[in-house]
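We use all heavy atoms of the structure for the numbers below, so side chains are in, but hydrogens, waters and symmetry mates are not. Whatever order the structure lists ligands and atoms in, that order sets their numbers, starting from 1.
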Amino acid sequence: MAIRHFLDIDGFDKRVLTEIMSRAHVMKRDLRDGNTHYGRVANGKTLAMLFEKQSTRTRVSFDVAMRKLGGDAIALNSTDMHFGHRESTADTARVLSRYVDIIMLRTKSHESLLELANFATVPVINGLTDRSHPCQIFADVMTVEEKFGVIAGRTVTWVGDASNNVATSWVHAAARFDFTLRIGAPNSLQPSNEVVQWAKNEGATILISEDPREAVEGSDCIVTDVWVSMGHNDVERRIELLKDYQVNESLMKLASPEAIFMHCLPADRGREVTDEVIDGPQSVVFDEAENRAHAQRAILAWCLEDI
Ligand code: CP
Ligand code: NVA
């Protein structure tokens with residue numbers, strides 16, 4: 001049987017994603033009700049978490065998720081390892097596969113993720129690359145479903161840097177979870193033609209605008225992210241390009257009155273979003289952060305072949 005890697009949303013069919021998502025909702029509910037019968041899924045198993053970039057949420061939520069499944073986790077920063085410096089990705093993959101049962105990687109280069117998965121003999125999970133952030137969007141879709149029942153048929157609007165990793169995973173998700181994705185971003189920070197074309201070929205509805213007000217109008221969910229992601233050096237250029245794309249109260253007023261505001265965090269408050277919006281009644285950013293742990297518990301269970 002093929003190893004169950006969790007690399008990107010575009011690599012999955014709807015059926016598998018729906019199964020993992022349903023389990024995530026059940027696991028969250030069960031934990032709240034004090035039901036811990038999932039505690040043996042990862043019994044005696046170890047997750048290695050490799051970080052080439054900083055992390056708060058991914059690091060802690062994966063660690064906690066693994067413990068709640070009965071296993072444990074080891075966090076390794078690339079500065080502490082030979083990985084990325086003195087040892088090939090392939091050799092790291094082969095060695096770690098002899099020690100641990102599952103690996104999560106946060107990397108500067110998507111190619112490293114693919115190479116790690118290619119040579120590992122245990123499941124590999126994408127914990128963010130320069131291309132994508134599927135675990136984040138899995139938790140985000142879960143959060144939208146909690147608020148609206150289902151995401152299918154809803155409209156999600158991304159405002160800001162639509163060329164980044166988080167935005168790319170939203171485009172992938174639009175093709176798999178049947179919601180409309182609108183983008184409000186400057187021309188030079190739109191998602192790549194390749195990813196948009198893939199999603200449209202898969203049946204997604206993606207509407208692209210350079211006008212954030214037009215993109216937000218009547219939308220159910222407004223999402224943004226930092227203007228300067230980890231690894232971006234062109235700070236001044238990005239701020240200049242994105243200065244009219246801040247999510248503030250006047251932009252939120254154009255959305256549906258029931259609209260929610262989402263951000264994967266960490267946020268650069270006062271830049272891509274104002275305090276009034278991120279701390280306001282429409283913001284669900286901390287539910288979203290919490291859902292990383294529930295969603296990843298379900299992803300880990302799927303990778304460990306318990307779904
Ligand atoms: N959203 C997210 O992945 O946060 P961290 O960078 O803190 O892991
Ligand atoms: N786009 C951001 C996401 C951080 C979770 C980054 O890559 O820095």
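At least one N or O atom of Met230 sits closer than 3.5 Å to an N or O atom of ligand 2. Between Ser229 and ligand 2, a contact under 3.5 Å exists for at least one N or O pair. For ligand 1, none of its N or O atoms has an N or O atom of Met230 under 3.5 Å away. Of the polar atoms of Asp225, at least one N or O is found under 3.5 Å from an N or O of ligand 2, judged by distance alone. Not one N or O of His133 is nearer than 3.5 Å to an N or O of ligand 2, by distance alone. The N/O atoms of Arg59, backbone and side chain alike, include none that comes under 3.5 Å of an N/O atom in ligand 1. Residue contacts with ligand 1: Leu128 is placed with no nitrogen or oxygen under 3.5 Å of a nitrogen or oxygen of the ligand (distance criterion only).
Of all protein heavy atoms, the one closest to atom 6 (O) of ligand 1 is Arg106 NH1, 2.8 Å. Regarding atom 4 (O) of ligand 1, its nearest protein heavy-atom neighbour is Arg57 NE, 2.8 Å. Of all protein heavy atoms, the one lying nearest to atom 2 (C) of ligand 1 is Arg292 NH1, 3.3 Å.
Using 4.0 Å as the threshold, Lys53 has no heavy atom nearer than that to any atom of ligand 1.
Contact record, Asp161 with Val226: CB-O, 4.3 Å, taken as the closest heavy-atom pair. Pairing each heavy atom of Leu189 with each of Arg237, the nearest pair is CD2-NH2, 4.4 Å. Between Pro123 and Cys303, the shortest heavy-atom contact is CG-O, 3.5 Å. What you find for Met81 and Leu76 is that their closest heavy atoms are SD-CB, 3.5 Å.
Heavy-atom contacts of Thr56 reach the following atoms of ligand 1: 5 (P), 7 (O), 8 (O) (cutoff under 4.0 Å). Annotation for ligand 1: atoms under 4.0 Å from non-hydrogen atoms of Cys264 are 1 (N).
The pair Lys45-Asp101 fails the salt-bridge criterion, with no side-chain N (NZ, NE, NH1 or NH2) lying under 4.0 Å from an Asp/Glu carboxylate O.
Residues Leu207 and Thr155 are not in side-chain contact: their nearest non-hydrogen atoms beyond the backbone lie 4.5 Å or more apart.
Side chain of Asp13 to backbone of Val16: a donor-acceptor contact under 3.5 angstrom is found.
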